[in-house]
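The structure under discussion appears below in the form of structure tokens.
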Amino acid sequence: MLKAVILIGGPQKGTRFRPLSFEVPKPLFPVAGVPMIQHHIEACAQVPGMQEILLIGFYQPDEPLTQFLEAAQQEFNLPVRYLQEFAPLGTGGGLYHFRDQILAGGPEAFFVLNADVCSDFPLNAMLDAHRCERHPFLLLGTTANRTQSLNYGCIVENPQTHEVLHYVEKPSTFISDIINCGIYLFSPEALKPLRDVFQRNQQDGQLEDSPGLWPGAGTIRLEQDVFSALAGQGQIYVHLTDGIWSQIKSAGSALYASRLYLSRYQVTHPERLAKHTPGGPRIRGNVYIHPTAKVAPSAVLGPNVSIGKGVTVGEGVRLRESIVLHGATLQEHTCVLHSIVGWGSTVGRWARVEGTPNDPNPNDPRARMDSESLFKDGKLRPAITILGMSSWGAQGCESSPAGEGQWPVGSVCSSVCACDSSFSKVPALVTKCLLCARFCVSHWGQKARGAYGQEGSLPAGSGPQLPAPVCPPMTSPWYPLSRLPRPDPC
Amino acid sequence: MLKAVILIGGPQKGTRFRPLSFEVPKPLFPVAGVPMIQHHIEACAQVPGMQEILLIGFYQPDEPLTQFLEAAQQEFNLPVRYLQEFAPLGTGGGLYHFRDQILAGGPEAFFVLNADVCSDFPLNAMLDAHRCERHPFLLLGTTANRTQSLNYGCIVENPQTHEVLHYVEKPSTFISDIINCGIYLFSPEALKPLRDVFQRNQQDGQFCLALGEDSPGLWPGAGTIRLEQDVFSALAGQGQIYVHLTDGIWSQIKSAGSALYASRLYLSRYQVTHPERLAKHTPGGPRIRGNVYIHPTAKVAPSAVLGPNVSIGKGVTVGEGVRLRESIVLHGATLQEHTCVLHSIVGWGSTVGRWARVEGTPNDPNPNDPRARMDSESLFKDGKLRPAITILGMSSWGAQGCESSPAGEGQWPVGSVCSSVCACDSSFSKVPALVTKCLLCARFCVSHWGQKARGAYGQEGSLPAGSGPQLPAPVCPPMTSPWYPLSRLPRPDPC
């Protein structure tokens, strides 16, 4: 009998995923057409002997989460339960706190998966390795190149026995090119070291100053407190994989993960991939289209496009490397590249929306996403474009011609503020940075070019003035009121 | 080193406390001027060696609860932490689930208090009894009369050793006149029997669910434990459970009427514990009879007469000539001139119009019997509401129900009088009633239209002539309280 535990975090986590994590909790963000953790649950449900899936996190259970749980239970015919922590307990604290629930029924072993990873989940291979030689901890590992491995948890293994000799989380110098995937298989004995850490933390007492946390609460950081401490003592082993893997920390990585999952659909869910039908849009590469979406026949979609529920795609639209979220509308002849079009947005006719991809080097199979911060030297790094979500559209600038997520005819936008004045890649008219809500004006008066060379005409005249930067209020219901952090200065 | 655990329940509990528990979680309802559990925390803070107070419950932590916790920490200089259960685990399940947090630091023993009891909390006496002879479980017991003991947990004790020989929760026939107060002192060994119950429940797992415990979020592995049935009843007579008797004040707070009675008990205790909280007659101030609590921000006219057993909340305005007795006035309410409020709770932000007489039916225990306790009976009997104290409209309720009512949000027309009993009980004729609104089922009733209203001192006011509002169809109020997690909203009860 086996179980799976998915660590879904809480609203204080996932800050790099903003502004998308304001609207929906990150584990429920749709990647390749389905919520992020549905890929995990699908993979777990296919392991023979899986009895129960437990989600551990700190979100308050709200409508979307509860509906997702019920839908998952019905679809996979497995109990899927949400165990809400009483305080943010870290990557290991929840496992220890809910050990009774995890060990109920006497499982032989249990998988532990981080919600924010994208993988092909070789769970059966891990299980076979575990059954060959049972150890308390089995980590899934993959390879990264030398520079990028510094961003991950690095594992030094014994090549014959596969024991983990050293483990360092985000080292400062190169240690190993094997990195931790965030997917584990633990046996019940794994909880004893967790208990030791718990009791040791209580005696040491001092803790970082977090609301709701105190020494007795029981925060445990799995990577630092357990893996690093126990490495080399014959308890932790690693299983290597060369399948797809990526971590999903920023919005751009969600797009990359979408691409990886869509390519996996060729094998696992070919029915989810759209095919060209007479009277239907032209499909290039891997594309997911929700059954309720309306796509015009002259549109060209792909590769790596996900169209959500109830989306309308007009004539002559060109979509590439993008996610269109539920309820959005792309009017005629728009061109959306490397972008995420938010819930309920409208992209006006002839608009060109182009972001800057941050994908890993496609020529290096071991290249991974860089998990860098959003800002560099006080400026935003160029990244993919995230188009206005309706709860954001009304804020910021009163003088903007843009309504709630609507953009005027011929408008073009990019995700980079005019603070980076050397950016001249795309002829830009009205620009709104959705991370700091600054409006920018550039190149007003140029002709817009559609993706096929069609030309549209732009209204003449002066554009909107540059208003003062406005940081959007954090009014997301996903933030428990007492725990709202202070807004970051932009 | 000692700790205290207060079990505060969750929104699915406290249904008998409606409609007050729609507005605020029951543990935070003000009794004798302060939130219900503040009395518990004050008592715990006075035990020497108390290190930490833990609240265990199922409420989502909202502004009021979080603010209360912060205020309590500052006032008592003790950590006060809220441990939110992931599912409603019963009276014992939370203790077992959070055992790590309870036992952190190695306490010698820990108190366990139910939030919905009113008591003088003889914690030091219990601690002395425990230190004389250490046992896993020490219950606080008190006495009830023969008929009423059936409503409580009954304890049969050995009169010399005070061991609990039998424990039966709400027996069907008389067993003992010693009842369980809901206040316990456990030593760390008490968690072992809880673990046994937990593991046994898991094995019985499938069986339990079939018994109809249809609660969302519950499954055999969740770990619900009923302290009274699964632990006390099972372990009685095995030398583990002992009882300490008290004859101090005690009452349980299940219905709104019992909140009023508890308020009276606490106000009388204030003579000893917090004399500064009791109002005294000052020149230019209102006349005070008996024990009265007035919040410092309340404005009370000098000609008003208050008491006994009156609590006035924050920002309340009491006009000239008002007579208040056996009542709680909640924050922000206004009592206009010459109103008379007896045996009632005036809800947050309500206004009682001039010359109105608001009178409820007290359900207090027989004052001549010191062992009499509140009856914890259901709200309805034979399809009719039992007469009970009046609860005046809270603003979120005022706009619902009847469109033809002249009453606005909690406001009553001049000369209106109300009672808490619907016209469904047509034999009720105690109070001349004009506009009546039952706040449990929102039915409006008309009776005795056209009579003169009498103030409490015999003043006469005049009433508008004409016909009163028609009787509308009963309307059950929607349960839109933010205290109910959306997915767990129960279906509304039919009125």
Side-chain angles (χ1 to χ4, degrees), chain A residues 1 3 51-52 54-70 73 79-87 89 93-94 96-107 194-195 198-199 201-203 205 211-220 477 480-484, chain B residues 3 51-52 54-70 73 79-87 89 93-94 96-107 194-195 198-199 201-203 205-206 209 216-223 225 482 485-489:
Chain A
M1 189 271 245
K3 291 194 186 187
Q51 287 282 71
E52 190 178 56
L54 304 169
L55 310 189
I56 294 181
F58 188 50
Y59 290 100
Q60 303 288 12
D62 205 333
E63 269 311 288
L65 183 58
T66 323
Q67 283 174 0
F68 172 77
L69 293 175
E70 287 171 7
Q73 291 212 63
V80 180
R81 314 193 195 279
Y82 176 50
L83 305 175
Q84 182 187 356
E85 297 176 348
F86 63 94
L89 297 178
Y96 181 68
H97 183 69
F98 289 108
R99 60 195 180 284
D100 297 319
Q101 283 69 34
I102 294 175
L103 297 180
L194 284 175
R195 175 184 315 145
F198 177 84
Q199 287 165 350
N201 284 352
Q202 290 205 346
Q203 286 154 6
L213 280 184
W214 68 99
T219 47
I220 300 176
L481 282 169
S482 59
R483 297 197 168 84
L484 273 182
Chain B
K3 291 194 185 188
Q51 286 282 71
E52 188 178 57
L54 304 168
L55 310 188
I56 294 181
F58 188 51
Y59 290 100
Q60 301 288 11
D62 205 333
E63 269 309 288
L65 183 57
T66 324
Q67 284 174 358
F68 173 78
L69 293 175
E70 289 172 7
Q73 292 211 64
V80 180
R81 316 196 194 275
Y82 175 50
L83 306 175
Q84 181 189 357
E85 296 176 348
F86 63 94
L89 298 176
Y96 181 69
H97 182 69
F98 289 108
R99 60 196 181 284
D100 298 319
Q101 282 70 34
I102 296 174
L103 298 180
L194 283 175
R195 174 185 316 145
F198 177 82
Q199 285 166 349
N201 282 352
Q202 288 207 343
Q203 284 154 11
Q206 294 312 107
L209 268 190
L218 277 185
W219 68 98
I225 300 175
L486 279 171
S487 60
R488 295 192 167 86
L489 273 181

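Order of the sequence lines fixes the chain letters, A, B, ..., with proteins taken first and strands second; residue numbering starts at 1 for each chain. Computed from a predicted model, the values in this text were never measured in an experiment.
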- Task: Name the region of A:Arg195, side chain, backbone, both or neither, that has any atom closer than 4.5 Å to a heavy atom of chain B.
- Result: neither
- Task: Let me know if B:Glu52 has heavy atoms under 4.5 Å from chain A in its side chain, its backbone, both or neither.
- Result: side chain
- Taking C-beta and beyond as the side chain, do A:Arg99 and B:Asp100 meet within less than 4.5 Å on heavy atoms? yes
- Message: If I take atom NE2 from residue A:His97 and atom CG from residue B:Leu83, how far apart are they, to the nearest 0.5 angstrom?
- Response: 7.5 Å
- Message: In this structure, is the centre-to-centre distance between the rings of A:Phe98 and B:Phe86 below 6.0 Å?
- Response: yes
- Message: Under a 3.5 Å distance rule, please check whether B:Gln202 uses its side chain to pair with a backbone N or O of A:Ala104 as donor and acceptor.
- Response: no
- Task: Heavy atoms only: give me the nearest B:Ala222-A:Gln101 pair and the separation to one decimal.
- Result: O-NE2, 2.9 Å
